[in-house]
Amino acid sequence: MDIERPVPGQASRYDELLAPSTSKGDEASFNRASSSYTNHDARFRSSKRTYDRQYAQLYFSRLMLLKGVMRKRVEQLWPGVPVCSILEVQEGKEVAVIGTIYKNMKLKPSILDEYTKDRGLKAALGAANFCADDDSVVMEDDGARMVLSVAAPGTMAAAAAQQPGWAAGDGPLAVQELVTGLVMAVRGVHEPGGDFYVSAVAFAGLAPNPHPLPHPLPPLPASGTAADAAAALAEARPGDKYLALVSGLGLGGSRADMLATQLAADWLTGNLGSPAEQQLAAQVVRLVVAGGGIGTLEGLAGAAATAPGANPYNRAAQAVALQPVRDLDLLLAELAAGLPVDVMPGPEDPANVALPQQPMHRCLLPGAACHGSLVRATNPHEFEAEGVRLLGSSGQNVDDVAKYCGLRDRLDVMQRTLACRHLAPTAPDTLTCYPFTDADPFILDSTPHVYFVGNQPEFATRLVVLQPSCAGSGAAGSNSMAAGAGAGAGAGAGAGAGAAGGSSSGAGGGEGQVVVRLVAVPSFARSGTLVLLNLRTLACHPVRFDGSLGLGADGGAGV
Amino acid sequence: MPSDESAEIVQELQGLVHDELKVLSYKWVARQYSIPANRAKRVLFQFAEQQRDKVRTVYLVSGWTKQDPPSHVHQLVEAGQLQVCREGFGEVTGMHVYSVAPNQATNPDTLWQHTHQQSQQLLKEITSGQPSASADTFRTNSCSAVRFTAQPAEAQPLRPSAPAPAPAPVAKPAAAASKPAPAPAAAAQPESRSPAAIAKAAPPAPAAAGPSGSSPPKAAAGSPPKGGKAAAAAGKGSKTLANMWAKGPAKPKAAAAAPAAEAEPAAETPAPEVKAEPVDEPEEDDGGFVTANRGKKRRGAQIEDSDEEQEAAKEPAAAQQQAPPADEPAAGGKSKGKGKSSAATKENKGEKGGKRAKTSAVKEEAPAVAMEVEEPVAEEQQEPAAAPVSAPPAWATAGAGAGSGGPGSRGRKVTRTYINDDGEEVTEEVFEDGPAPLQPQQQPAVAPPQPAAKAAALKPPPKAAAPAVAGKGKGKAPAAGQKSMTSFFAKK
């Protein structure tokens with residue numbers, strides 16, 4: 001697990017503050033590190049919002065914008081295989097087709113189901129996952145649609161795959177890993193039966209980084225165990241700068257942990273802890289609240305439910321119900337006094353629901369907005385700090401993809417969406433989004449150095465390093481450092497070893513190398529964890545705050 | 001000093017915990033008393049140790065857990081479980097008292113509720129536009145050990161509107177800083193003293209300027225308690241207010257000297273004297289000067305200073321010893337009478353008085369020619385202080401600062417009187433906020449009124465002094481009051 005470990009030799013004088021006040025010693029102070037900061041939210045902001053358009057246009061423009069990339073990718077992966085549109089596919093000939101996926105799912109919620117089907121089934125399923133074994137995928141492009149089938153033995157597609165020189169691309173068709181809205185290429189043969197038997201698929205692959213990292217990642221040791229490699233990657237140095245990521249404070253919910261929230265705020269602002277801790281806090285150059293600051297306003301929702309007779313919208317009731325908004329303002333005011341803060345709206349926060357979510361309105365945060373250090377950001381939030389390009393969302397896109405595909409690990413989902421060069425493939429199908437017509441801001445022209453997603457069930461991180469030499473083989477990001485906190489150590493070690501091998505072979509190939517750190521930021525209300533990201537090494541450093549007074553003393557990193 | 005202060009706080013905490021049954025977190029204490037958070041932790045520790053069995057103490061332990069991989073945790077534990085908790089950590093990076101509560105069952109939520117309520121209260125004060133000292137610590141996070149100054153321009157590329165409020169916060173900390181203690185008079189005082197705040201804020205700035213460099217350290221040294229407390233705020237203030245004020249060429253120095261006198265109500269009394277000596281050496285080229293700060297904090301100073309006799313006592317005593325020689329002439333002179341008259345006239349006459357007094361000063365200390373105009377009456381005490389300052393250069397600087405007078409005159413207008421190279425006395429009016437005309441030799445003389453007043457108050461002995469104080473108090477107070485009130489409202 002490539003998270004930061006304690007810096008040896010730092011433990012001195014932890015009890016400094018356990019002494020009576022003297023004239024000296026309590027004045028120790030640090031200056032907060034500063035970093036360059038550039039906001040790249042512009043493409044997620046829109047000045048004029050018109051909702052009178054259809055969404056079809058969005059799929060069309062998405063396909064058109066990605067088609068060029070896909071075509072290059074296909075030519076690189078499968079040289080010699082003709083690329084054609086669905087209407088041009090001929091029976092019995094192996095071709096590659098580029099199109100948008102649509103996944104037929106019988107469990108997928110539909111507004112019509114409420115009237116036509118048994119509602120009990122839906123309720124029993126919950127909202128966790130809507131995948132079923134018999135889901136099928138359809139590919140469509142601007143001309144037509146065709147049903148995709150996995151190449152079974154005996155089909156012509158399978159036979160073609162046996163030929164020498166056949167490249168697998170990004171692997172066989174795995175229906176469960178796909179979601180509606182992905183743009184991808186398939187290679188196969190149209191059989192007389194009517195289906196298109198797919199022998200291999202290809203994704204667009206990670207886009208290049210916008211620019212190389214200002215500090216090249218430390219080279220991995222050629223030998224040694226995965227743990228050593230991880231440790232080397234994550235080694236912190238005294239002057240390092242950190243970016244703090246937190247999400248899901250959930251101040252509006254009953255699960256809000258005000259004490260832990262306060263501890264975290266105090267730590268970030270440099271109040272909490274010993275001078276050693278304050279030193280670390282001083283290295284945090286910015287805090288990003290990745291959505292979920294308020295979450296469901298249970299007070300407001302509950303008022304209507306519990307007191308049907310009473311008017312839930314009278315002034316007094318509202319004052320109480322809206323208290324969490326004021327709490328957030330207070331918290332942000334406190335934080336912004338101590339460090340720069342970016343606050344993104346998240347699911348259920350008081351902002352528009354459709355992606356891209358626009359910044360929370362200034363008047364919601366009257367106290368905090370006075371601070372010049374507060375940046376109200378859009379929901380997919382892109383910025384550059386200290387030369388590192390970061391892109392993050394509050395989690396809706398990943399959560400939604402996770403509901404409709406079989407990928408369980410959030411990092412896998414994140415990596416898949418990056419590999420498809422699209423942040424929110426399920427929008428607008430199951431994820432609301434603004435009806436863009438001639439643009440799709442979720443398309444990734446470049447891969448950020450850090451991709452973080454808030455409001456995830458648990459902390460997890462992974463460094464994906466794509467060497468230029470590997471670009472043509474295997475799945476995108478085939479060599480990755482797996483460090484899912486929840487994933488078993490074995491899986492982590494295996495992937496880690498692969499990474500060590502892969503990058504040692506590609507050592508020196510800094511040019512064209514694609515590096516991306518994936519961070520799943522846990523919901524703070526559930527885990528009490530905030531994540532520090534070292535802007536030099538891109539290593540993570542979760543910090544947990546526990547205000548339970550010893551009742552939860554045995555918690556671990558995974559929480 | 002801090003230990004005295006913390007002892008006082010501990011006393012107060014006792015009442016809060018045992019009588020009001022409050023759960024006090026270190027942050028609450030830090031804000032309430034505007035002290036650094038780290039000191040608050042120590043104060044609470046002190047308190048917890050004193051009351052070992054009578055309070056429930058919650059500690060915060062930070063460190064890394066033993067498991068692999070280690071995780072970084074900050075955990076609250078009851079005092080009883082502290083040992084167990086420490087053993088559960090692989091490496092402890094920090095430990096301190098988090099909160100102290102009365103020894104009885106309490107709702108765990110109270111651990112954060114009181115602090116939260118305090119935060120709400122402070123935010124409300126800020127939004128309502130009447131921040132107290134505590135509210136300023138909230139807004140500027142000045143209790144924290146980590147200093148941070150927002151750079152509106154950089155941090156806010158998208159929102160031009162946001163920076164607008166920024167200036168206010170900047171200006172206010174300085175005012176807040178000038179408030180040495182949460183005195184009851186605080187509300188009126190900080191503003192009335194805004195000049196003082198400025199003067200105070202100045203030390204850091206002039207520090208960069210050659211000769212005067214010596215004085216700021218002195219000011220800082222002279223005022224350990226305040227320096228520490230207001231350090232952050234003063235530092236910030238120095239960027240803005242001090243710069244503004246530093247425009248007057250000769251001023252920075254004056255400011256530098258003044259702060260010593262003004263900045264610390266407590267320390268000041270000694271300051272004039274103590275300060276004067278060190279100051280004069282480096283300042284030889286420029287000559288000494290003292291800033292006449294107007295009404296400034298006269299009243300506040302008197303109120304506050306009254307408790308500081310201990311230190312003050314020595315100085316005035318010293319001053320007095322030196323004073324006597326000057327005393328008689330000065331007293332005999334009109335200067336005294338003028339002192340009583342309106343501030344405006346006082347200045348003009350003060351010059352004369354100053355001259356006269358100067359002669360006396362000369363007598364007393366040959367090289368010293370400096371004269372303090374503003375308080376002709378006070379001369380007795382001030383001369384000793386001022387004289388050494390200006391002594392080295394043979395010419396005296398007489399600043400008439402300021403009380404400037406009449407109620408009609410604007411607070412910013414300052415009348416300066418000085419002796420130019422030719423030995424002529426020059427008087428002119430300057431607006432302090434505008435760039436003052438460059439006069440190489442011009443040194444605004446400062447007559448820190450309070451030393452005189454204070455000394456007088458503390459040391460009744462010189463008879464002349466007593467009436468002088470009264471007269472001054474009367475003559476000046478209105479001016480001071482007015483200035484302060486207008487500036488107070490203007491600030492909003």
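Below, chains carry the letters A, B, ... as their sequence lines are ordered, and counting in each starts from 1. Please read these numbers as outputs of a predicted model, since none were measured by experiment.
For the atom pair OG of B:Ser71 and CZ of A:Arg544, the computed distance is 5.5 Å after rounding to the nearest 0.5 Å. Remark: A:Asp546 CG to B:Cys85 SG distance equals 8.5 Å, nearest 0.5 Å. Note that the OG1 atom of A:Thr529 and the NE2 atom of B:His72 stand 11.5 Å from one another [nearest 0.5 Å]. Note that CD of B:Gln113 is 10.5 Å distant from CG of A:Leu259, once rounded to the nearest 0.5 Å.
In terms of the salt bridge (Lys or Arg N to Asp or Glu O under 4.0 Å) criterion, B:Glu125 has no residue partners (sequence neighbours excluded). For B:Gln14, the side-chain contact (heavy atoms from CB on, under 4.5 Å) test picks out B:Gln11, B:His18, B:Phe47, B:Gln51, with sequence neighbours left out.
Listed here is the closest heavy atom pair of B:Met95 and A:Ser274: N-CB, 4.4 Å. Contact detail for A:Met258 and B:His116: the closest heavy-atom pair is CE-CE1, 3.5 Å. Residues B:Leu76 and A:Gly547 come closest through the heavy atom pair CD1-CA, 4.1 Å.
Side-chain contact between B:Asn38 and A:Gln278: present, with at least one pair of heavy atoms (C-beta onward) separated by less than 4.5 Å. Side-chain contact between A:Trp267 and B:Ser62 is absent, with no heavy atoms from C-beta onward closer than 4.5 Å. Counting heavy atoms from C-beta on, the side chains of A:Leu280 and B:Thr93 never come closer than 4.5 Å. Between B:Trp112 and A:Thr261, every side-chain heavy-atom pair lies at or beyond the 4.5 Å cut-off. Using a 4.5 Å heavy-atom cutoff, the side chains of B:Phe148 and A:Pro340 are in contact. For the pair B:Leu60/A:Leu263, a side-chain contact is recorded, criterion being any heavy-atom separation below 4.5 Å from C-beta on.
With chain B as partner, the option from A:Val543, A:Leu339, A:Asp342, A:Leu330 having the largest number of non-hydrogen pairs under 4.5 angstrom is A:Leu330. The choice from A:Gly273, A:Gly367, A:Ala281 that makes the most heavy-atom pairs within less than 4.5 Å of chain B is A:Gly273. Ranked by heavy-atom pairs under 4.5 Å with chain A, the list B:Glu78, B:Lys27, B:Lys124, B:Glu49 is led by B:Lys27.
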For side chain to side chain contact (heavy atoms under 4.5 Å, CB included), just list the numbers for B:Leu123 and A:Asp329, CA-CA rounded to whole Å, side-chain angles, deciding distance to a tenth of an Å, and then say yes or no.
CA-CA 9 Å; B:Leu123 182 62; A:Asp329 180 37; 3.9 Å; yes

Chi angles and distances behind the side chain to side chain contact (heavy atoms under 4.5 Å, CB included) call for A:Leu272, B:Tyr98
CA-CA 9 Å; A:Leu272 193 77; B:Tyr98 181 77; 4.1 Å; yes

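Taking the six-membered ring where tryptophan is involved, the planes of B:His74 and A:Phe545 are essentially parallel, since the angle between them stays under 30° and well short of 60°.
Remark: A:Glu277 does not engage B:Lys41 in a salt bridge, criterion side-chain N to carboxylate O under 4.0 Å.
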